[in-house]
Amino acid sequence: AQSVTQLGSHVSVSEGALVLLRCNYSSSVPPYLFWYVQYPNQGLQLLLKYTSAATLVKGINGFEAEFKKSETSFHLTKPSAHMSDAAEYFCAVSDDPGSARQLTFGSGTQLTVLP
Amino acid sequence: SAVISQKPSRDICQRGTSLTIQCQVDSQVTMMFWYRQQPGQSLTLIATANQGSEATYESGFVIDKFPISRPNLTFSTLTVSNMSPEDSSIYLCSALIGGTNYGYTFGSGTRLTVV
């Protein structure tokens with residue numbers, strides 16, 4: 001079975017500061033990992049994904065994440081926060097090409113950006 | 001990548017009634033999923049919608065309450081039956097996209113309020 005743990009349900013950073021959102025996973029097979037962002041009253045937008053290629057993954061809006069197998073982590077970072085980054089962020093894992101191929105989500109991290 | 005059109009975007013329903021949510025994908029996809037996002041929480045998988053056969057439900061979800069149809073590779077519906085206020089949530093459909101753009105895309109969600 002697969003699972004995702006997001007440390008910190010709420011993270012606050014100042015505008016221009018480093019953003020670090022933590023994600024640890026558990027999977028019985030090599031995982032595929034995803035970060036999604038959800039703005040208020042909207043659906044989910046894919047930020048980036050790891051599918052067993054390069055371990056450092058660059059996504060949209062200046063975000064990136066590094067897959068570290070030894071730490072079972074896939075933390076999301078952005079060098080300089082912008083006010084528009086305020087949103088809910090979800091880390092998710094899939095065991096594809098496993099049999100289920102469904103996404104399992106973490107509990108989410110609400111990012112607040114302070115002026 | 002594929003785009004999912006989901007409707008309705010929101011609805012307010014009386015308890016005891018049913019609501020059917022529709023998702024249309026603009027390309028053929030192998031797998032479609034339905035998720036529930038309760039207020040302030042993460043996404044929980046309801047079921048995998050199987051083309052031409054009964055959906056595969058997760059623990060805690062049953063067909064009588066959440067009947068799902070998937071008549072072809074681009075369309076699926078979720079019905080929330082005999083609704084109660086506890087069913088007030090956001091419901092999202094998702095599709096697994098294969099190939100070079102591998103990943104999961106989501107509809108914009110249906111915000112359901114049961115009164």
Side-chain angles (χ1 to χ4, degrees), chain A residues 1-10 21 23 25 30-54 57-60 65 74 87-112, chain B residues 1-11 21 23-25 29-51 55-59 61 68 89-113:
Chain A
Q2 58 205 29
S3 65
V4 175
T5 301
Q6 290 184 242
L7 295 177
S9 58
H10 291 83
L21 304 183
C23 173
Y25 70 91
Y32 287 7
L33 294 158
F34 305 82
W35 274 101
Y36 288 89
V37 61
Q38 185 177 37
Y39 297 100
N41 300 316
Q42 294 188 29
L44 293 177
Q45 181 181 9
L46 179 67
L47 280 176
L48 48 81
K49 62 185 177 184
Y50 167 78
T51 56
S52 74
V57 180
K58 295 186 183 297
I60 62 172
F74 191 58
E88 185 90 20
Y89 292 80
F90 293 97
C91 182
V93 62
S94 167
D95 69 349
D96 195 290
S99 59
R101 304 174 77 181
Q102 64 204 41
L103 273 180
T104 299
F105 285 85
S107 55
T109 298
Q110 180 68 48
L111 176 66
T112 299
Chain B
S1 60
V3 175
I4 299 179
S5 299
Q6 182 174 345
K7 59 181 181 182
S9 59
R10 59 178 62 231
D11 207 340
I21 303 167
C23 274
Q24 178 73 54
V25 191
V29 294
T30 54
M31 303 191 77
M32 294 184 71
F33 308 91
W34 286 95
Y35 289 85
R36 180 176 72 183
Q37 186 178 22
Q38 294 179 300
Q41 298 191 27
S42 186
L43 283 78
T44 300
L45 182 66
I46 297 172
T48 301
N50 300 310
Q51 192 262 327
T56 304
Y57 289 85
E58 297 301 302
S59 176
F61 297 96
I68 289 170
S89 295
I90 299 173
Y91 294 85
L92 298 102
C93 64
S94 175
L96 174 59
I97 311 302
T100 55
N101 289 321
Y102 179 91
Y104 298 79
T105 191
F106 285 81
S108 55
T110 297
R111 184 178 295 271
L112 171 62
T113 302

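So you know, we letter chains A, B, ... as the sequences are listed, proteins then strands, and number each from 1.
A donor-acceptor distance shorter than 3.5 angstrom exists from the side chain of B:Ser42 to the backbone of A:Gly106, with no hydrogens or angles considered.
The OG1 atom of B:Thr56 lies 9.0 Å from the CD atom of A:Gln102; values are rounded to the nearest 0.5 Å.
In this structure, A:Leu103 and B:Phe106 have side chains that are in contact, with non-hydrogen atoms separated by less than 4.5 Å. At least one side-chain heavy atom of A:Phe90 sits under 4.5 Å from a side-chain heavy atom of B:Gln37.
Taking all atoms of both residues into account, the shortest heavy-atom contact from A:Ser94 to B:Tyr104 is OG-OH, 2.9 Å.
Using a 4.5 Å cut-off between heavy atoms, A:Gln38 contacts chain B through its side chain alone, with no backbone atom that close. With a threshold of 4.5 angstrom between heavy atoms, B:Leu45 approaches chain A through side-chain atoms but not through N, CA, C or O.
Close placement of the B:Tyr35 and A:Phe105 rings is indicated, their centers lying within 6.0 Å of each other.
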